[in-house]
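Notes for the one structure printed next.
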Amino acid sequence: MIRLENIEKYYPQGLQKYYVLRRVSIEIKEGEFVSIMGPSGAGKSTLLHIIGMHDAGWDGEYYFGDVAIHKMKPKDRAEIRNRNIGFVFQSYHLLDHLTVYENLEIPLSYRDVKKSEREAIVGDVLDKFNIVGKKDLYPNQLSGGQQQLVGVARAVIANPKIILADEPTGNLHSSQGKEIMELFKRLNDEGTTIVQVTHSDVNAAYGNRIINLADGWLKD
Amino acid sequence: MENILRDLRYGCRMLWKNPGYTIIAVLTLALGIGANAAVFSVVNALLLRPMPYPNFERITYVWASDSNGENRFSVSPHNYTDLRARNQSFESYTAFHYTSAALTGGGNPESLSAINASAEFGKVAGVQPLQGRWFTAEEDVPGKNLVAVISYGLWQRRFGGKEIVGQNIQLNGESFAVIGVMPKGFNFPSDSIEIWKPLALDLSKYQRGTSFLQSMARLKPGVSYPQAQAEAMGIAKQIERENPNTDRDNGFKLNSLREELVGEIERPLWILFGAVVLVLLIACVNVASLLLGRATVRWKEISVRAALGASRWNLIRLMLSESLVLGVLGGMLGLLLAAFGVEWLIKINPDAVPNPDEISIDRIVVGFTMLMSVVTGIVFGALPAWQLTKTNLSQAMRESSRSASGSAKLTVIRNGLVVLEIAASLVLLVTAGLLLKSFWKVLEINPGFRAENVVKADISLPRAKYKDPWQQADFFRRALEGVRAMPGVQTASLTTILPFNNGRRATSFNIEGRPVAPNTDPPDADNHEISSEYFKTLGIPIRAGRDFTDADVRTSAGVVIINEQLAKLHWPNENPIGKRLTVGSPEEVQMYGKPVSREIVGIIGNVKLLNLTDEFNPELYIPAAQMPNSWMTLVVRGKAAPESLINSIRQVVHSIDPDQPIRRPLALETMVARSVAPQRFVATLLMVFAGLAIVLAVVGIYGVMNYVVTQRTQEIGIRLALGAQRGDVLRMVIGQGMKLAGIGIGIGLIAAFGVSRLLTKLLFEVSPTDTMAYAGVSVLLAAVVLLACLIPARRASNVDPMIALRCE
């Protein structure tokens, strides 16, 4: 599904280059649940954002299916991203001034889904995640776990092939974290590819493969 | 469309949830937009709105002029007749002069503003009467001219709107048939005219050089102003060739109706408009700065939206929706402020602009304001929207979503906005400063008389009733005696021409013993007929010789008093007292059978006649008792509050002749103030706008400096922890503000230098590059910036290093 070859990412430092990723080559197959692990500064999040096509300044080759992402313009990359990738953030990043319903609706509205269709999809997802009763609440009226539940619901609402999660349980206590990880597991079982960045071995255990990074290098 | 509506809905919700920010932004915009709407309503009414005459752009004043088209004078009856007969450019051409008409019978006598006009006046105006008709060419001849067209206002006020056409009214003691009533609001060519009568010109009564008419033409369709001007000049040359003695170096000058009526106020109005655009720019900068200040709050939201699939256009549209809502809210409140503002503008200075009643918040002004609100929303919203949507998704999605580089860039932009704000404020302040200084200089001018406690009333005797000049003189003598006997009166007198009242009247004269060389014109001077105590009443100093006395009458020796300017011109190195001159006007010759030789018995100080900024003119004064007139102005110096004397003056006049009205009773101080009303109007408004600019600039600079201090709290904490003194921090913050002020003032000075060139024509004895104004404004602005920086600087110096460091 995703193939990265010799990905390098650096920041210029005067005349020098500060490398964040060095010659990273990985492949992620459809249906996999992959955890990216490593110490702080290893380049985990950078790699996740390159996979998520948020980061455009890198060298190397990136294939999404048969599509060569590295040859595409930013606008075309955004289209691929919108069609295929959902995101879950550590700090949930729900929009404070929008209700749960409206937060879920946002990705659909940016994909030009018709209003009637949007209503149906959001209704389904609210139901599936068991948050119908919370649809008119604002994020600050929800607990952390509930907010992340909405975050995951928002990530899946546009029916992505892959979900990228950057330390999705980092701000949650263990019982809430467990709930979220089980949700990921269920989504993975239903066929969604999951790539998560995590420091937690417990969370990594939900996946079927671990990619280790250190100082920007891939470790076996 | 649905997306746009959704964005607008979200925009409204965001604003509702941040009331403090919304109120400040809407108020700021309302002040800027309101000032624009108010000034635009004046510009619209006077300069843009079509005048209420069909094809008004073809109506032109035709003045007599110098041969090079400069200066302008009244037209002589002969030249009017010649131009009318010979030109091919005019569809219709009329001559007229302003006069007054005493309306008597059926109520209190009233003195009305009137126009005596030739038959084509109605065609030039292009407006038909509401009832009846205009006068015809057959009625525009002496003896058949006792017909009148009246205004709608007079018809309603005096005749209750009842059937009037075909009825007779008494004007100046004669019976006139009313043949027409003009529609409501018709006041061609200027306001307050209530009667239009035939001119009935009798050419045989006037010498070629005598000029007292104004004239107006309607150009034929397709004829341009330059074409008509060139043809009129050609005809002037013909007239000159035919009459070399009387029409030497003469020309004609065409001036469009609009230019004639609003020409003087046009430039000041555009300058005011420029000033309010600057105020709006400052308001926009402030709100843009506010929006950028919210960047740290919005950054996360924008990044998340982008991560969830929003394109940059989606994000820009979202942000612009919010600023559009702000703009429209500001526009609506601004419109409300403008409605009050316009009322206030007219109230504080009713004489500053022509046709103040025309100024209103009409559909055009509302449309302009709404358009401006939308444009404003886009202008102040565009930069923040552009900047905030330049999201680095990778960085934004990291957990430390506040992008340091983003904040640094925003700070640079906000600093740039402050510089722009200071520069714009400086331009506005310099403009206001220059015009205020100029206005101050005008007010400092000594008019040559003391206007306080003086009131005047014009009296125009109907010639039909007072045919004999000595009968007229007797009326005025009795009136003056009556007024002098009134309680509260210090002194009183009569004059034909009062400064700042009814124009000027020049006459040529001969100095005895100095024959006029062939092919040269005799000297001329402004001519006044006055009664005794005139100079005392007006406080005009007698420099040499004596005043007129009650002994200077018809049967006594001819006397004249001249002013210093005339003395300086014709007797630069000798004493004019005792010298003799003759005026020899046709009226004088008719009364005395020959020109009267007059001895100069006094020299008085110079007096400004029409405007404070005018040069002094040579003037001569003749005793009214030796040269009676049918119209004179009564001037009365009261012991206090001269307006209270007006009713008593009216009673005195009525006691002599119950049908005789007095006209335009007014305090002399008011008349002088009216002469500077346009300057006062512009200076007052500019002062208000400059004040507004300073307030907005202070708020803007304060906001930015506060933001900077918040951004640098940790840095300040570290500095303090490393040993920096509070004073060092204070200096650092103030230094940053003053650096911005320095750059802004520098740019503003250069811009002001360019803009001030536009003011040259409006400035009196002040250079557009007046160093004091530029320096004063720069210091003022620097002080204002210093003030705006003080509170943030004090806050910075009070930062607790431990708390600041723990915050992060």
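Numbered from 1 within each chain, the chains take letters A, B, ... in sequence-line order.
- Contact annotation for B:Arg6: only side-chain heavy atoms (C-beta onward) come within less than 4.5 Å of a heavy atom of chain A.
- A 6.0 Å sphere centred on OH of A:Tyr10 holds no more than 12 heavy atoms belonging to other residues, nucleotides or ligands.
- With sequence neighbours left out, A:His173 forms a ring-ring contact (aromatic ring centres under 6.0 Å, His included) with no residue at all.
- Heavy-atom neighbours of B:Asn798 CG from other residues, nucleotides or ligands within 6.0 Å: above the threshold of 12.
- Annotation: residues 11-29 of chain B contacts chain A through B:Arg13, B:Met14, B:Lys17 [non-hydrogen atoms, separation under 4.5 Å].
- Residues from residues 317-327 of chain B never place a non-hydrogen atom less than 4.5 Å from a non-hydrogen atom of chain A.
- The two atoms that bring B:Ala307 and A:Phe89 nearest to each other are CB-CZ, 3.8 Å, heavy atoms only.
- More than 12 heavy-atom neighbours from other residues, nucleotides or ligands sit within 6.0 angstrom of CD on A:Glu190.
- Remark: A:Glu8 CD is packed, more than 12 non-hydrogen atoms of other residues, nucleotides or ligands lying under 6.0 Å away.
- Within a 6.0 Å radius of CH2 in B:Trp386, no more than 12 heavy atoms belonging to other residues, nucleotides or ligands are found.
- Contact of A:Ile85 with chain B is not made at all, since no heavy-atom distance falls under 4.5 Å.
- Contact annotation for residues 106-121 of chain A against chain B (heavy-atom separation below 4.5 Å, listed by residue number): A:Ile106, A:Pro107, A:Ser109, A:Tyr110, A:Arg111, A:Asp112, A:Lys115, A:Arg118.
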